[in-house]
**Student:** 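I have a structure here, written as C-alpha cells, and I will follow up with some questions on it.
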Amino acid sequence: MKISAIVTLKKEVLDPQGKVVNQTLKNMGYKNINNVRQGKYFEIEIDETNEKNAKNTMEEICKKLLANSIIEDFTINLK
Amino acid sequence: MKISAIVTLKKEVLDPQGKVVNQTLKNMGYKNINNVRQGKYFEIEIDETNEKNAKNTMEEICKKLLANSIIEDFTINLK
Amino acid sequence: MKSAVIVFPGSNCDRDISVALKKFQIKNEMVWHDESDLPKSDLVVLPGGFSYGDYLRTGCIASKSKIINDVIKHAEKGGLVLGICNGFQILIETGLLPGALLRNKKLRFISKNVYLKVNNVNNKFCLNYKGKKIIKLPIAHNEGNFFAQEKILKELEDSDLIAFKYCDVNGNTNEASNPNGSSKNIAGILNVNKNILGMMPHPERHIDPVLSGDDGSFMFESLLKSF
Amino acid sequence: MKISANIIDKHGIKLNEYKKIIKLIGREPNLLELGIFSAMWNEHCSYKSSKKYLKTLPTKNKKVIQGPGENAGIIDIGDNDAIVFKIESHNHPSFIEPYQGAATGVGGILRDIFTMGARPIATLNSIHFGSHDHPKTKNLLNGVVSGIGGYGNCIGIPTVGGEVKFDSTYNENILVNAMAVGLVQKDKIFYSKAKGINQPVIYVGSKTGRDGIHGASMASAEFDENAEEKRPTVQVGDPFTEKLLLEACLELMKENSIISIQDMGAAGLTSSSVEMASKGNLGIEINLDKIPCREEKMSPYEIMLSESQERMLLILKSGEEEKAKEIFKKWNLDFSVIGKTTNTKNLILKESNVEVANLPLSSLSSDAPVYNRKWKKNLESKKNTTNKKYTSLNLEDSFKTILKSPNNSEKSWVWEQYDHTVMGDTLQNPGGNSAVVRVHGKDKGVALTVDSSAKYCLANPMIGAKQVVCETWRNLISVGSDPIAITNCLNFGNPEKDIIMGQFVETIHGISEACKYLDFPVVSGNVSFYNETQNNPISPTPTIGGVGLIKNINLTMSHSIKEIDSNIFVIGKTSGHLYQSEFFREVMKIYDGPPPEINLFNEKNNGLIVQKLIENKLVNSVHDISSGGLIIALAEMCLSGQIGTKMKVKFNKINPYEFLFGEDQSRYIIEVNEKNKKNVCKILEKNSIYYDIIGKTQKEYLSLNDDFNIKLSDIKNLNSLWFKDYFKES
Ligand SMILES: Nc1ncnc2c1ncn2[C@@H]1O[C@H](COP(=O)(O)OP(=O)(O)O)[C@@H](O)[C@H]1O
Ligand SMILES: [Mg+2]
C-alpha cells in the first residue's frame with residue numbers, strides 16, 4: 001500500500017524558501033499570487049492491507065522521524 | 001483560492017534522501033516499509049475564483065519554475 | 001583529560017577536531033556511531049559535517065544512532081558534551097539542547113569568518129575567553145538559523161545560557177551582523193547545567209596563527225584548565 | 001533485432017564508422033554491442049578528434065610521476081609525498097540541470113582523484129555563464145554555484161579557488177569545469193591497469209539505475225532545437241554516498257588487496273571495464289546478473305550504459321574478497337563480485353548464463369577511430385582604428401565602470417557558498433592569486449589556481465592559450481610557490497568544422513610552447529567539444545589548472561598590502577595594450593583587435609625574480625597584473641590590505657588610460673618597504689628586469705597624481721555591488 005505525508009512549517013515559523021518562490025513568481029509576472037509555503041512530501045510503500053494500520057504507522061513515523069514538532073506540522077494521505 | 005503541487009523525482013532517478021530515510025526506518029524497526037521517496041510540496045494562495053484557471057496557472061508555474069522536467073514530475077491538487 | 005569524538009557516516013570535521021584535541025594534549029579516541037558504549041571520557045564531541053548527508057533534517061538521523069543513548073547518559077551525569085556545527089544540530093535533535101536550526105535566512109550556505117561576542121565565560125568551555133569579549137571564528141553551514149519560541153529565548157537569556165552571539169568588529173549584535181537570521185543573533189547555547197555546549201562556529205579550524213586566526217585555541221585551553 | 005541506419009544514427013555513429021565496426025568484429029554487432037561501441041567511440045571517451053594533437057603536449061619532467069593516460073596526473077613534491085590532480089568538464093549536464101549537473105561534475109572529478117589512492121584535499125572550479133542579462137543566466141549561476149557547494153561541502157573537501165565569468169558566447173552553452181587535488185604517498189599510488197588472470201572483478205558503491213544513459217554521447221553532440229526531447233535523464237548526485245565510498249576505498253587501500261581500481265565515470269561500467277582490461281592487455285568477463293541494480297528488470301543495455309554516480313570497479317587479488325566485503329559493509333555500500341579477468345582479450349558479458357556480448361577489447365580502445373580533421377588558421381583580429389577617442393573620457397568613471405562590471409566584481413557571493421576551510425589546512429582563501437593548502441601535518445604547502453581567458457583566445461587562440469598558461473604560472477609565483485605542472489580542460493565548439501578545429505590546433509600549439517619554455521608540463525586534462533547551439537559555437541576556452549609547491553609555508557606570500565609608506569613597484573614593462581582589455585570591452589565597447597603579446601623570455605625572467613624576492617623576504621605583498629590592468633590589480637591589493645596607494649606617474653610615451661588599463665603581460669605589482677628598496681632595485685637591475693616605481697602606500701585612499709583620489713570604502717562598495725544587485729540583496 002502507498003501512503004504519503006506532507007510536512008510543512010508551522011504558520012509562525014518563517015518560511016524563507018516559500019518567500020523566495022513567491023518573489024520569483026512576482027518577478028515572472030504572476031501578480032495574483034499572494035502567498036507561497038514550501039514543505040516536504042514523503043511517499044512510503046508499506047506491506048500492509050489495513051488502511052487504518054497503515055495510517056497509524058505513518059503517523060508514528062511522522063512523529064518520530066519525518067517531522068520536527070517544534071517547527072513542523074504534518075498531514076497524512078492514502079494514495 | 002489555495003492550490004498545491006507536489007514535485008517528486010522521476011521514478012528512474014536516484015533519490016538519495018528517500019534512500020537514507022528508508023534505511024533509517026528499517027533501523028528503527030519498521031520492517032514492513034519497502035520504499036520511500038521524498039519530494040517537495042508547494043502551497044500557493046492565488047487570487048482566482050475559477051478552479052480551472054488556477055490549475056492552469058499552477059501547471060504553468062510548475063513547468064517554468066518549481067519542477068525540472070528532466071528529472072522531476074509534478075501533480076496538482078486543489079485544496 | 002580524555003575525550004571521545006563520535007564519528008557518524010558523513011561526519012567530515014572529525015579529523016579536524018581530533019587534530020585540535022591532540023594539539024592541546026587532550027587524549028582523544030574516535031568512536032564509531034554504531035558502538036553502544038562510550039569509552040571513559042571527560043568530554044564527548046559531536047563533530048561538524050553532514051551526518052547522513054543532512055538528508056531529511058540536519059542532525060536528525062544521527063540523533064537516532066546507537067551511541068547517542070550513551071552520550072545522553074554521559075551528559076545527564078554531568079559529563080561535558082560539545083557539539084560543533086552538525087554536532088550542534090544533532091544535540092538539538094536529541095533534545096539535549098532546546099530550539100531548532102532552520103535554513104539560513106538567505107537560503108545559501110555561508111562559509112566565512114565571523115565576529116562573536118562571548119556572552120558567558122563562566123563555563124568549562126569558555127573560561128579562557130575572559131577579557132576577550134570579541135573573537136573571530138569561521139562558520140560553514142546551511143542550517144544555522146537558530147529558532148525557538150519566545151518563552152525559551154527568554155529563558156536562555158535570563159539564565160545566561162547564550163554562550164556566543166554573532167556581532168560586528170565593535171561588538172554590535174544587530175541584523176547587519178547576523179549572518180544567518182538566528183533569533184537574538186545566537187551562535188551557541190549552553191544547557192542549564194552548563195556542561196553541554198552547542199555552537200555553529202568552528203573553534204577547531206582556528207587553532208594556528210598561520211591560518212587566518214587562532215581564537216579557537218582558547219576553548220581547548222579552557223577545557224584543559226578545568227581538569 | 002536488425003540494426004537499422006536510424007538506430008546507428010541515434011547512437012551517434014557515422015556510417016563509415018559502422019562499417020569499421022563490422023570489419024573489426026567480423027559481423028554485425030547486436031544492439032548491446034552497438035551501444036558499447038557508441039559509448040567508447042564517441043568523442044568524449046575516444047578523443048578521436050583531439051588525440052593527434054594532445055600527443056604533442058609536453059608531459060614529462062623530473063617531477064612528473066604520472067602524465068596523461070591515467071585517471072589523473074601525479075607530481076612529486078618531495079618526502080614521499082605526491083599530488084594527484086585533474087580538471088574535467090560537466091558543461092552539457094549543467095546547462096540542463098544546473099544544480100545536479102555541477103554537483104555530479106564535482107563528484108566525478110573527486111573519484112578520479114581518490115581512485116588513485118589519494119585523499120582529496122581541495123577542489124577548484126572554472127565556471128562560465130552567458131551574458132548577465134540573458135534570461136537563463138541568473139538561474140544557471142545560482143544552480144551551478146549551489147550544486148558545486150552542495151557536493152563539496154557535504155563530502156567535506158574545501159573548495160579553495162576558481163573563476164566566474166560572463167560572456168554572451170556562453171548564453172546557450174555554459175561551462176562548468178571542476179578541478180580536484182589530492183595527496184598520496186608516493187609508494188601507495190593505485191593504477192587502473194589490470195594484472196593477472198582469473199582475478200575477481202568487483203563492483204562497489206551505489207546501485208545502478210536507469211539514469212544518465214548515454215551521457216557520454218550527449219557530451220559529444222551539439223544541442224539543437226529538439227534537444228528538449230532527446231535529453232536523457234541527468235544523474236542526481238549523492239555526496240553522502242561518495243563520502244562513504246571515499247572512506248571505504250581509502251580504508252581498503254591500506255590493505256594489500258587491490259590489484260587495480262578505476263572509477264565509473266563517463267560511459268559507466270563499459271568504459272571502466274574496457275579500460276582496465278585493455279590497459280592490462282587482458283580479457284574481462286562480467287556476469288550482469290551480479291550487478292547491484294536500483295530498479296527491476298534492467299536490460300544489459302541499460303546496465304552497461306548507465307552513468308549512475310558513486311560507483312567504482314576494482315580488481316582484487318583473489319582470496320581478498322571477504323576482507324574487502326567487510327569494509328564496504330561497514331560503510332553500508334554495495335559490494336559484488338561481478339566477474340573475472342581472462343586471457344581472451346575480449347569483453348564478454350553474460351546474462352542468465354547466456355553470452356549477450358563478445359567484443360575484442362582492441363576494437364573498443366586501440367582500434368577506435370582517430371581523425372585527422374581539416375582545420376583552418378584563424379584570421380588575425382583586425383584593429384578598429386577609428387574608435388580610439390578614449391582620452392576624452394573621465395579616468396575615474398572608467399575605473400569605476402570596470403570595478404562594478406560583473407566580470408570584475410568581487411566574487412565572494414560565489415565562494416562564500418563553498419566551505420573553503422574544512423580540513424583545517426587552507427592557508428589562503430579564495431579571492432587571492434592562488435589558493436594555498438598546507439600538506440597535512442607538515443610545513444609545506446601547495447598553491448592551486450585555475451585560469452582562462454576566452455576573450456584573448458577568440459582574438460588569437462595561439463597567443464591566448466600561451467597567455468592562460470602564463471597567467472597560471474604567474475598566479476603560482478605570486479604566492480611564493482614554485483610552479484610545477486598543469487592540467488587543462490579544452491572547451492570548444494564542433495570539431496567537424498575547420499574553423500573550430502583550427503582554434504583547437506592553435507590552442508594546443510600555444511599551450512605547448514608556453515609549457516615547454518616554462519618547464520611546466522601537462523599531466524592530465526579533458527577535452528570538451530560540441531559546445532555549440534544552432535551553429536553558435538562558444539569562444540575557444542582552454543582552462544588551465546596549475547599546481548605549485550611551497551617548501552616552507554612561512555614564506556607564503558599574499559596580495560594584501562601590509563604597511564603604509566612602502567613603495568609600489570611594477571615589474572615588467574607597461575606599454576599600454578588596450579585591445580581586448582576590460583577597458584575597451586566594458587567602457588568603450590570595442591571588441592576587436594589582437595590580445596596582448598606574450599614574450600616567454602620576459603615571462604620567465606620576471607617570474608623567477610619575483611620568486612627570488614619572495615624567498616629572500618624582500619617584498620611585503622605581490623599580485624600579478626591580469627584582466628583589467630594595473631589599476632584593478634592595485635585596487636585588489638589595497639582592498640585586501642585596507643591600505644591605499646598614492647600613485648605619482650609622469651606620462652610621456654603612454655597616456656594615463658594605457659597606463660592604468662593596459663593589459664600588457666608578464667607583469668607583477670610588488671610592495672617593497674623603504675628599508676628593502678635599494679636592495680630590490682639593485683637585484684632587478686642586475687638581472688635586467690624592467691621595472692617602474694609608481695608610488696607609495698598611504699592611508700584609506702587610492703589616488704593618481706591630481707586625476708583622482710578615491711576612498712577605499714567606495715571602491716569596496718562599487719566592487720561588491722553587482723552580485724548584491726543581481727540577486728536583490730541588501
Ligand atoms: N587536454 C588534455 N591534456 C592532457 N591530457 C588529457 C587531455 N584530455 C584528456 N587527457 C587525458 O586523457 C585521459 C582520459 O581522460 P577522460 O576520458 O577525461 O578520463 P575519465 O575517464 O576519468 O573521465 C586522462 O588520462 C586525461 O588526463
Ligand atoms: Mg576516471
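To find a chain, count down the sequence lines: A is the first, B the second, and so on, and within it residues start at 1. Predicted, not measured: the structure shown is a model, and the values here were computed from it.
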**Student:** Please determine whether the number of non-hydrogen atoms from other residues, nucleotides or ligands lying under 6.0 Å from atom NZ of Lys27(C) exceeds 12.
**Tutor:** no
**Student:** Give the intermediate values and the outcome of side-chain contact (heavy atoms from CB on, under 4.5 Å) for residues Val20(B) and Ile61(C).
**Tutor:** CA-CA 9 Å; Val20(B) 164; Ile61(C) 295 173; 3.2 Å; yes
**Student:** Among all residues two or more places apart in sequence or in another chain, which pass the side chain to side chain contact (heavy atoms under 4.5 Å, CB included) test with Val114(C)?
**Tutor:** Lys112(C), Leu116(C), Ile139(C), Tyr166(C), Pro179(C)
**Student:** Between chain B and chain C, which donor-acceptor pairs sit under 3.5 Å apart?
**Tutor:**
from	atom 1	to	atom 2	distance (Å)
Leu56(C)	N	Gln17(B)	OE1	3.1

